[in-house]
Amino acid sequence: MSAEGSELERTLGFVEAMTLGGGTMIGAGIFILPGIAAETAGPASSVSYAIAGFVALLAALSLSELATGMPIAGGSYHYVNRALGGLFGAIVGWGMWTGLMFASAFYMIGFGQYLVEPIPFLDGRVFIVGLGLVGLVLLLGVNYYGTEESSAFQNVTIGVETAIILVFVAVGVFFIDPGNLEPFAPFGPGGVVATTGIVFISFLGFEIIATVAGEIKNPGRIIPLSMILSVVLVTILYVLVMLVSTGVIPFESLGDSPIPVSDVAVTYLGPAGVVAIVFAAIIAAISSSNSSILAASRVIYAMGRDGVVTDWFNVSHPRFYTPHRAIAATGGLTAVLILVGLEVETIIALLAEAASFSFLVAYSLVHVSLVVFRRADPDGYDPSFALPRPLYPAVPILGVVLSLLVVSQMATVVVVIGSGIVAFGVVWYATYTRGRVVSEGLLSEAIRGRPAEPFRVVVPVSNPATQRGLLRLAAASAHANEDRGTPELVAVNVTPVAHPSPLQNVEADRFEHQRDLLNNAHDIAAEMDVTLRTRTVVAADVGEAILDVLEEEAADEVILGWDGTLGRDGHVFGATVDPVVRSARCDVSLVNLRNETVGTPVALVAPGHNAPVVAHQAAEFATVDGTVPTLLNVQSPRGRNDSNAKERGRSVVVDAAEAAGLAPDEYDIEVVVADDIGRAIVEATSQYDTVCVGLSGRTEGSRIPFGTVTERVVHDVPSNVALIRGS
């Protein structure tokens, strides 16, 4: 696995993903919120949970498609940022990060509350907050040490608490008093919908599965299965718990209790049952907080990766492969929030509700993002789970409508807090993020649709010393072919890995490379007014990987850097370049950049099918510095039929230029007559900044013929050298 940088390990299987999701959802939502829910909706609070579960299920469906298309860390934040751009990315990123920290602080306060309540001598707010801080420190240690360890911890806690809850429900249904369920909805439909907003925080667990997608094995299968199953099963469990709770004791009494489930259990399970419930509540609060810390750290980690915040956060631990800086920052701020609860208990509860607001806003944007991805259909987006018709577009449309409906019914103070977080995201984008983000978003592409037929030039880049020169040449070539299609430049970087493993989170590395490429190529794309995309690939064989990219992009042309060495280690141009020159089904320019100036290119033109390609390529390169290329032909003074050597050479050049589609004013002609052809070529081409020479378009097996003239130019000419091979 990675030794440094931003790479995370794929260590989470189906059980771990289910328990991460369920561990968050079967937590404070069951043990703390039932009292608040019953107080605002009565027995119909079970319906509030059902509605919240349905809204969460819609979001889980959209997220499943997005997550299997881009299984990397970041969850909803990443998908919104990629689809809608940095502004919405900043809004959702800050909303998710703060929301998860608010939720985690809320859970740890609940943890202390359940622990202190049965022990009289521990009573007091200081003890509640102190125990919450102790629990938080332990969770930070587990997360810092390793994701796998954190997940193993979740497996144990979720198993125990689920078993206790199932006993609570299975026994409790026999003690329901139907009279307690009347009236079923004392505060009407408005109370039910308003309560949906309060309890929605209970369903954040499925989001956490998407947030850690970069660490899940076999993401195409496990992500949708675990997300959908966890939402459905937990929704059923919540509905049953609320029916039992409000059926066993009156909802008014339930609303007054700080430990509502415990108060219900004591009526039919006795002291042993209460102890079990308290124990389950404690570990549920811990597991919920653990999942929230895990997910929050991945959100800020991903924001660092995309340039929304400083990339200081986008670093994994060299030994544990965990985002240790993101975890430390998340833990520090969560501790501050817990301390706030020391003085003002209601603040933590309000912040927890504000977390629901943030996630409902995020999910509405996730649904929009799914539509944007479907319309834009970006390269590399190929989800293994896709919503079939009629679920698409019904799911995203219904998801947006219901999310906003629930938000509209939330308490005014919650809407104010949530809106404040959104406003902070807008201000942050305006003052910090704008101009730094890696992705420009796909919204405009989705609106206008994909260009019909682009003229696409692929340029592999890896050497910072030559990267700028290659990108300039590639941009010039793309721009010079506007009549053949919308010019588009694709910069690709291949990371060689000896033994690529499906367990490696290569997507994280891909974005690291993409950011570097964008940063370096941005000015060039702006100068040349050409559309730029970047791709990074991890592969064992760099040459074969480039060929794959050329096929996938349907490239019209590829421009490769080359160190100018011929015949090394059994290869003609090198182990990476040879396969591309030999097998690429597009025009190939192999460039040895020896200085930064392209200047006036000269094309060495001789009779043959490759001559027009060489002439045209020289004309494309000339646009970099706004010059006119020279087409050079060297003739022997002893030609056939005693014809004039100068005329023969001129005729060769004119024929090649016409075949290349060049007008007479688009090139200059130089004809040299000499007995020593090779020497004359070297002397003539040395006067120019860039020399374009043709390669044979035909290979014989694995052999690539290049000829003695090409060899002399490469060895003896001090200028830039471009070897051209037509498709």
Side-chain angles (χ1 to χ4, degrees), residues 8-27 29-30 52-79 96 100 143 147-163 165-166 200 202-238 284 287-288 290-296 298-299 359 362-363 366 370 383-388 391 395 399 502-503 505 507:
L8 303 178
E9 274 189 301
R10 291 197 183 277
T11 58
L12 307 180
F14 174 72
V15 174
E16 288 80 7
M18 280 291 293
T19 53
L20 271 177
T24 303
M25 290 191 275
I26 306 177
I30 278 184
F54 182 67
V55 174
L57 179 62
L58 295 175
L61 288 168
S62 289
L63 271 175
S64 292
E65 177 170 330
L66 293 168
T68 57
M70 296 169 289
I72 68 173
S76 295
Y77 152 72
H78 173 68
Y79 311 133
M96 286 182 63
L100 287 165
N143 278 274
T147 303
E148 195 170 8
E149 287 73 14
S150 175
S151 300
F153 175 76
Q154 286 288 107
N155 294 348
V156 175
T157 59
I158 190 66
V160 172
E161 67 193 52
T162 301
I165 287 296
L166 288 176
F200 190 77
S202 307
F203 293 90
L204 302 187
F206 73 92
E207 164 68 37
I208 291 170
I209 297 173
T211 306
V212 298
E215 295 154 84
I216 292 179
K217 303 172 186 174
N218 191 8
R221 176 179 176 275
I222 290 180
I223 288 176
L225 189 61
S226 57
M227 288 178 74
I228 294 169
L229 266 182
S230 62
V231 171
V232 171
L233 294 178
V234 170
T235 300
I236 294 172
L237 199 58
Y238 270 129
S287 64
S288 294
N290 180 53
S291 298
S292 298
I293 290 170
L294 185 73
R298 270 57 176 182
V299 170
F359 275 89
Y363 292 147
V366 164
L370 175 62
S384 55
F385 172 84
L387 291 175
L391 290 181
V395 166
L503 297 180
N505 180 16
E507 294 285 349

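Residues Phe200 and Val55 approach most closely at CE1-CG1, 3.8 Å, considering heavy atoms. Minimum interatomic distance between Glu161 and Ala284 (heavy atoms only, all atoms of both residues): OE1-CA, 3.1 Å. When every heavy atom of Pro224 is checked against every heavy atom of Ser64, the shortest pair comes out as CA-OG, 3.4 Å.
Summarising the local packing, CZ of Phe54 is surrounded by 12 or fewer heavy atoms from other residues, nucleotides or ligands at distances under 6.0 Å.
Counting only residues at least two apart or in different chains, salt bridge (charged side-chain N to carboxylate O under 4.0 Å, His left out) contacts with residues 53-70 comprise Glu65-Arg374. Within the structure, salt bridge (charged side-chain N to carboxylate O under 4.0 Å, His left out) pairs that include any residue of residues 220-235 do not occur (at least two apart or interchain).
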Under 3.5 Å, sequence neighbours excluded: what are the donor-acceptor pairs made by side chains of residues 225-233?
| from | atom 1 | to | atom 2 | distance (Å) |
| --- | --- | --- | --- | --- |
| Ser226 | OG | Ile222 | O | 2.6 |
| Ser226 | OG | Ile223 | O | 3.2 |
| Ser230 | OG | Ser226 | O | 2.8 |
| Ser230 | OG | Met227 | O | 2.9 |

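Taking the six-membered ring wherever Trp is involved, the centroid distance between the rings of Tyr363 and Phe203 does not fall below 6.0 Å.
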Side chain to side chain contact (heavy atoms under 4.5 Å, CB included), that's the test. Do Phe206 and Leu57 meet it? Break it down for me.
CA-CA 9 Å; Phe206 73 92; Leu57 179 62; over 6 Å; no
- Please step through side chain to side chain contact (heavy atoms under 4.5 Å, CB included) for the pair Val366 and Leu66, ending with a clear verdict. CA-CA 9 Å; Val366 164; Leu66 293 168; 3.8 Å; yes
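Note that the CG atom of Leu237 and the CG atom of Leu166 stand 6.0 Å from one another [nearest 0.5 Å].
When side chains are defined from C-beta on, Leu370 counts as touching Leu387, because their heavy atoms get closer than 4.5 Å.
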